[in-house]
**Q** 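One structure, pasted below without further comment.
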Amino acid sequence: MSSVFGKPRAGGGQQSAPLEVNLAILGRRGAGKSALTVKFLTRRFISEYDPNLEDTYSSEETVDQQHVHLRVMDTADLDTPRNCERYLNWAHAFLVVYSVDSRQSFEGSSSYLELLALHAKETQRNYPALLLGNKLDMAQYSRQVTEAEGAALAGRFGCLFFEVSACLDFEHVQHVFHEAVREARRELEKNSPARPLFISEERALPHQAPLTARHGLASCTFNTLSTVSLKEMPTVAQAKLVTVKSSRAQSKRKAPTLTLLKGFKIF
Ligand SMILES: Nc1nc2c(ncn2[C@@H]2O[C@H](COP(=O)(O)OP(=O)(O)OP(=O)(O)O)[C@@H](O)[C@H]2O)c(=O)[nH]1
């Protein structure tokens with residue numbers, strides 16, 4: 001079951017098909033994958049969760065004025081990469097997360113980057129990955145991995161690197177997810193068959209179906225920078241949905257509600 005966290009779309013006039021991007025969040029247990037995912041989707045920090053729950057969420061995003069249908073798989077791999085095909089064959093980009101206060105999780109992130117490099121070699125394709133050092137808020141008390149070490153590891157694998165915190169700014173977390181979308185988009189555009197960028201006129205040719213029918217588009221004037229994903233949604237673990245109030249402070253009013261996974265507690 002997938003959960004949908006809808007956000008208002010900007011640029012309502014734009015009619016082109018949304019870009020579809022699948023993003024998998026990888027990393028050792030406790031690195032903060034779920035906390036970052038839920039922060040991005042709800043702007044909130046969670047502190048309680050079910051560590052065995054793996055689920056895929058979808059969210060409507062606007063990245064650089066483009067409408068993006070983003071799916072995020074918050075993986076639960078226990079301690080080492082397992083049954084990796086479920087995300088390797090599905091994702092267009094990966095966020096590899098470690099915690100700056102855990103050397104073990106940093107070493108774990110290195111195994112994930114190696115796995116992705118091997119997959120890229122085997123499939124002869126580039127899969128963008130971003131390395132994230134999470135729990136930056138803990139750095140002043142219990143940092144075990146320096147920023148330079150994180151940057152060096154990212155440099156070895158040619159990926160972007162950010163230090164973040166699921167507890168701090170939403171905007172910074174959102175920026176990182178949107179960077180992943182940009183990286184995925186770059187690859188999708190590189191790998192998609194050449195298509196015309198602008199078509200100003202549609203003429204029904206005798207032997208050709210109209211463009212609208214062939215592309216499933218409503219209008220003949222369009223910009224086809226977006227790429228429709230052909231990858232299938234994986235079968236994801238069943239997750240029970242619960243509805244919680246979006247804010248305790250709003251309890252006296254008719255509070256809006258959010259649908260969240262069982263196991264997440266919102267503060
Ligand atoms: N201080 C701090 N704690 C965090 C942060 N992110 C996550 N945590 C805490 O770290 C613990 C693990 O976070 P999760 O998001 O469940 O980690 P995970 O990587 O999803 O772990 P698994 O579900 O076991 O794979 C939880 O107690 C979170 O509250 C952060 O940025 N700062």
Side-chain angles (χ1 to χ4, degrees), residues 1-3 5 23-57 59 71-84 86-88 90-91 93-113 115-116 129-147 150 153 161-177 179-180 234 236-242 244 258 260-267:
M1 185 182 295
S2 71
S3 318
F5 294 82
L23 188 58
I25 320 289
L26 312 177
R28 275 183 81 109
R29 284 186 96 148
K33 299 181 295 294
S34 304
L36 283 170
T37 303
V38 174
K39 178 77 170 197
F40 169 65
L41 295 167
T42 70
R43 295 176 175 245
R44 289 176 170 77
F45 173 65
I46 52 150
S47 68
E48 287 178 31
Y49 63 99
D50 178 345
N52 300 313
L53 209 57
E54 175 164 298
D55 204 0
T56 302
Y57 306 85
S59 175
R71 296 189 194 93
V72 182
M73 186 193 289
D74 174 20
T75 65
D77 250 354
L78 300 179
D79 287 328
T80 46
R82 268 174 220 209
N83 303 323
C84 315
R86 74 187 188 285
Y87 48 76
L88 288 179
W90 174 81
F94 299 87
L95 290 182
V96 178
V97 183
Y98 69 89
S99 167
V100 299
D101 68 357
S102 162
R103 180 141 301 265
Q104 241 191 359
S105 79
F106 182 61
E107 283 156 10
S109 68
S110 175
S111 330
Y112 278 103
L113 290 172
L115 173 80
L116 295 178
L130 284 73
L131 180 64
L132 304 186
N134 187 37
K135 306 196 190 179
L136 185 57
D137 56 292
M138 297 301 288
Q140 56 185 316
Y141 311 109
S142 50
R143 189 191 268 278
Q144 289 187 9
V145 184
T146 65
E147 191 176 358
L153 180 62
F161 170 64
F162 297 91
E163 286 197 331
V164 289
S165 168
C167 295
L168 302 177
D169 291 357
F170 161 75
E171 282 72 21
H172 192 198
V173 173
Q174 185 191 44
H175 172 72
V176 166
F177 276 77
E179 279 296 290
V236 293
Q238 287 293 309
K240 192 171 171 190
L241 292 168
V242 293
V244 297
L258 286 171
L260 292 165
L261 284 174
K262 184 176 177 237
F264 290 157
K265 197 167 177 179
I266 303 301
F267 293 93

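Every number for a ligand or one of its atoms is a count from 1 in the order of the listing.
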**Q** How long is the straight-line distance from SG of C167 back to CE of M138, given to the nearest 0.5 Å?
**A** 8.5 Å
**Q** Please work out whether any backbone atom (N, CA, C, O) or any side-chain heavy atom from C-beta onward of N134 is under 4.0 Å from ligand 1, and answer side chain, backbone, both or neither.
**A** side chain
**Q** Using distance alone, decide if ligand 1 has a nitrogen or oxygen within less than 3.5 Å of any nitrogen or oxygen in T75.
**A** no
**Q** First locate atom CG of L116, then atom CG of L26, and finally report the distance between them rounded to the nearest 0.5 Å.
**A** 6.0 Å
**Q** If you round to the nearest 0.5 Å, how far is OH of Y112 from SG of C84?
**A** 7.0 Å
**Q** State the atoms of ligand 1, each with its element, that fall below the 4.0 Å cut-off from a heavy-atom position in R28.
**A** 19 (O)
**Q** Looking only at distances, please establish whether an N/O atom of ligand 1 is found under 3.5 Å from an N/O atom of D137.
**A** yes
**Q** Quick check: closest heavy atoms across M73 and R86, and the distance to 0.1 Å?
**A** CE-O, 3.7 Å
**Q** For the residue pair N134 and A31, what are the closest heavy atoms and their distance?
**A** ND2-O, 3.0 Å
**Q** Can you list the atoms of ligand 1 that are under 4.0 Å from a heavy atom of A35?
**A** 6 (N), 7 (C), 15 (O)
**Q** Report, in ascending order of atom number, the atoms of ligand 1 lying under 4.0 Å from any heavy atom of A166.
**A** 6 (N), 30 (C), 31 (O)
**Q** Quick check: does A76 get an N/O under 3.5 Å from an N/O on ligand 1?
**A** no
**Q** Taking the inter-plane angle between the rings of F162 and H175 on a 0 to 90° scale, is it parallel (under 30°), tilted (30 to 60°) or perpendicular (over 60°)?
**A** perpendicular
**Q** So is there a nitrogen or oxygen of L36 less than 3.5 Å from a nitrogen or oxygen in ligand 1?
**A** no
**Q** Show the atoms of ligand 1 that are less than 4.0 angstrom away from any heavy atom in M138.
**A** 1 (N)
**Q** Consider every N or O of G30 and every N or O of ligand 1, then say whether any pair is closer than 3.5 Å.
**A** yes
**Q** Using a strict 4.0 Å cut-off to heavy atoms of A31, name the atoms of ligand 1 that fall inside it.
**A** 17 (O), 19 (O)
**Q** Using 0.5 Å steps for rounding, measure from the OH atom of Y98 to the CD atom of Q104.
**A** 15.0 Å
**Q** For the pair F170 and F40, name the ring-plane relationship: parallel under 30°, tilted 30 to 60°, perpendicular over 60°.
**A** parallel
**Q** With atoms numbered from 1 as shown, which atoms in ligand 1 lie under 4.0 angstrom from a non-hydrogen atom of C167?
**A** 1 (N), 2 (C), 30 (C), 31 (O), 32 (N)
